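Step one of this worksheet: look at the structure below.
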Amino acid sequence: MKIATFNINGIKARINALSDWLDEAQPDVALLQEIKSIDENFPREMFEDKGYNVQTHGQKSFNGVAILSKLPLEDVTRGLPGDDDDEQARWIEATVVGEQAVRICGLYLPNGNPVPGPKYDYKLAWMERLYKRAQELLRSEEPALMAGDYNIIPQAEDAKKPEDWVDDALFRIESRTAWRKIVNLGFTEAFRARNQLPEQYSFWDYQAGAWNRNNGIRIDHFLMTPQCADLLRDCQIDSAIRGREKPSDHVPVWVDIAA
DNA sequence: ATGGCCCGTACCACGGGA
């Protein structure tokens with residue numbers, strides 16, 4: 001089963017690029033972030049025509065996540081537990097039933113800038129809620145993964161110029177501590193479990209020729225429970241997508257699991 | 001050498017992104 005995550009930076013602006021990538025990459029499951037659309041305006045028919053089941057959790061203008069799946073989706077839930085007043089659409093999960101069932105969570109973790117401030121407080125509070133959901137997934141002792149735009153640069157090697165990011169919400173020590181606290185519960189970060197190459201990124205800013213200089217950061221991740229990590233066959237970044245016409249600033253990252 | 005963008009909303013820049 002091939003599962004991909006892709007922050008598309010607006011479904012309306014990315015319809016063609018997303019359609020082309022789906023046709024070529026043929027993921028069984030695609031987790032999308034920043035659809036920037038209400039559910040009613042999401043072009044679900046286009047994906048249904050390609051054979052995908054579509055589940056969205058959108059809102060007006062900002063954020064928004066979705067799951068596309070060629071396999072049946074069961075027990076779909078929307079919103080990260082732990083704050084009933086949170087109105088930002090950043091979390092969706094579902095069980096994908098292939099050879100065996102896998103619980104799949106798609107997430108768009110808050111950016112958190114500027115630091116300090118209420119947006120950074122929100123990011124850290126959101127990560128505390130994520131920690132609790134992660135504990136529950138581990139306790140289930142079932143194959144499960146959490147994937148998406150984490151807005152976290154895990155290590156210095158995950159940025160071309162780490163010195164530019166030391167005071168940024170994506171790389172601040174509090175952010176990385178919260179990330180490591182989750183990983184250290186017992187999750188496998190799929191990309192580094194399969195790849196030790198330097199200069200592997202998933203985001204390049206639109207500004208300052210970042211793509212041409214490969215001035216990127218790796219912030220889109222898969223975290224897997226042990227039962228899911230046992231099934232991991234491969235994890236790769238489709239970085240060439242960034243060089244196409246009208247690209248998102250992120251590129252797809254995907255895993256292949258034996259499920 | 002320096003600085004450089006894009007999206008959605010609304011119709012004018014502006015908030016937000018990272």
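Worth saying up front: this structure is predicted, and the values here are computed from it rather than measured. Order of the sequence lines sets the chain letters (A, B, ...), proteins ahead of strands, with each chain counted from 1.
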May I ask you to say what [X] touches in the nucleic acid, namely base, sugar-phosphate or nothing, with a heavy-atom cut-off under 4.0 Å?
X        : result
A:Asn7   : sugar-phosphate
A:Tyr108 : sugar-phosphate
A:Asn41  : nothing

If I take atom [atom1] in residue [X] and atom [atom2] in nucleotide [N], what distance separates them, rounded to the nearest angstrom?
X        : N      : atom1 : atom2 : answer
A:Phe203 : B:dA18 : CZ    : C1'   : 5 Å
A:Glu34  : B:dG15 : CD    : C1'   : 13 Å
A:Phe62  : B:dG17 : CZ    : P     : 8 Å
A:Asp220 : B:dG17 : CG    : C1'   : 13 Å
A:Asp249 : B:dG8  : CG    : P     : 12 Å
A:Gln33  : B:dG17 : CD    : P     : 14 Å
A:Gln59  : B:dG8  : CD    : P     : 14 Å
A:Asn63  : B:dC7  : CG    : P     : 17 Å

> Among the nucleotides B:dA10, B:dG8, B:dA18, which one has an atom lying closest to any side-chain atom of A:Lys60?
Replying inline: B:dA10
> Which nucleotide in the list B:dG17, B:dA18, B:dT9 gets nearest to the side chain of A:Arg90?
Replying inline: B:dG17
> With rounding to whole Å, what would you report as the distance between B:dG3 and B:dC7 at their P atoms?
Replying inline: 24 Å
> Can a side chain N or O of A:His250 be found less than 4.0 Å away from OP1 or OP2 on B:dG17?
Replying inline: no
> Would one find a side-chain N or O of A:Tyr122 under 4.0 angstrom from OP1 or OP2 of B:dG16?
Replying inline: no
Output a table of nitrogen or oxygen pairs between the protein and nucleotides 1-6 of chain B separated by less than 3.5 Å.
residue : atom : partner  : partner atom : Å
B:dG3   : O6   : A:Arg213 : NH2          : 3.2
B:dG4   : O6   : A:Arg213 : NH2          : 3.2
B:dG4   : N1   : A:Arg213 : NH2          : 3.1
B:dC5   : O4'  : A:Tyr206 : O            : 3.3
B:dC5   : O4'  : A:Gln207 : N            : 3.4

> Among pairs that include at least one residue of residues 64-100 of chain A, which meet ring-ring contact (aromatic ring centres under 6.0 Å, His included), considering only residues two or more places apart or in two chains?
Replying inline: none
>> By the ring-ring contact (aromatic ring centres under 6.0 Å, His included) test, which pairs, at least two apart or in different chains, include something from residues 51-82 of chain A?
In response: none
Let me check something: any side-chain donor-acceptor pairs from residues 150-158 of chain A under 3.5 Å, sequence neighbours excluded? List them with distances.
residue  : atom : partner  : partner atom : Å
A:Tyr150 : OH   : A:Met146 : O            : 2.9
A:Asn151 : ND2  : A:Leu109 : O            : 2.8
A:Asp158 : OD1  : A:Arg192 : NH2          : 2.8
A:Asp158 : OD1  : A:Arg218 : NE           : 2.9
A:Asp158 : OD1  : A:Arg218 : NH2          : 3.3
A:Asp158 : OD2  : A:Gln155 : N            : 3.0

>> Please determine whether side-chain hydrogen bond (donor to acceptor under 3.5 Å, both in side chains) holds for the pair A:Asn9 and A:Tyr206, giving the CA-CA distance in whole Å, both sets of side-chain angles, and the decisive distance to 0.1 Å.
In response: CA-CA 12 Å; A:Asn9 190 13; A:Tyr206 287 120; 3.2 Å; yes
> Got a donor-acceptor pair under 3.5 Å from the side chain of A:Asn151 to the base of B:dA18?
Replying inline: no
Donor-acceptor contacts under 3.5 Å from residues 208-217 of chain A side chains, at least two apart:
residue  : atom : partner  : partner atom : Å
A:Arg213 : NE   : A:Ala208 : O            : 3.3
A:Asn214 : OD1  : A:Trp204 : NE1          : 2.9

> Any side-chain donor paired with an acceptor under 3.5 Å for A:Thr56 and A:Asp39?
Replying inline: yes
> Going by the salt bridge (Lys or Arg N to Asp or Glu O under 4.0 Å) test, which pairs reach into residues 134-154 of chain A, not counting sequence neighbours?
Replying inline: A:Arg133-A:Glu136
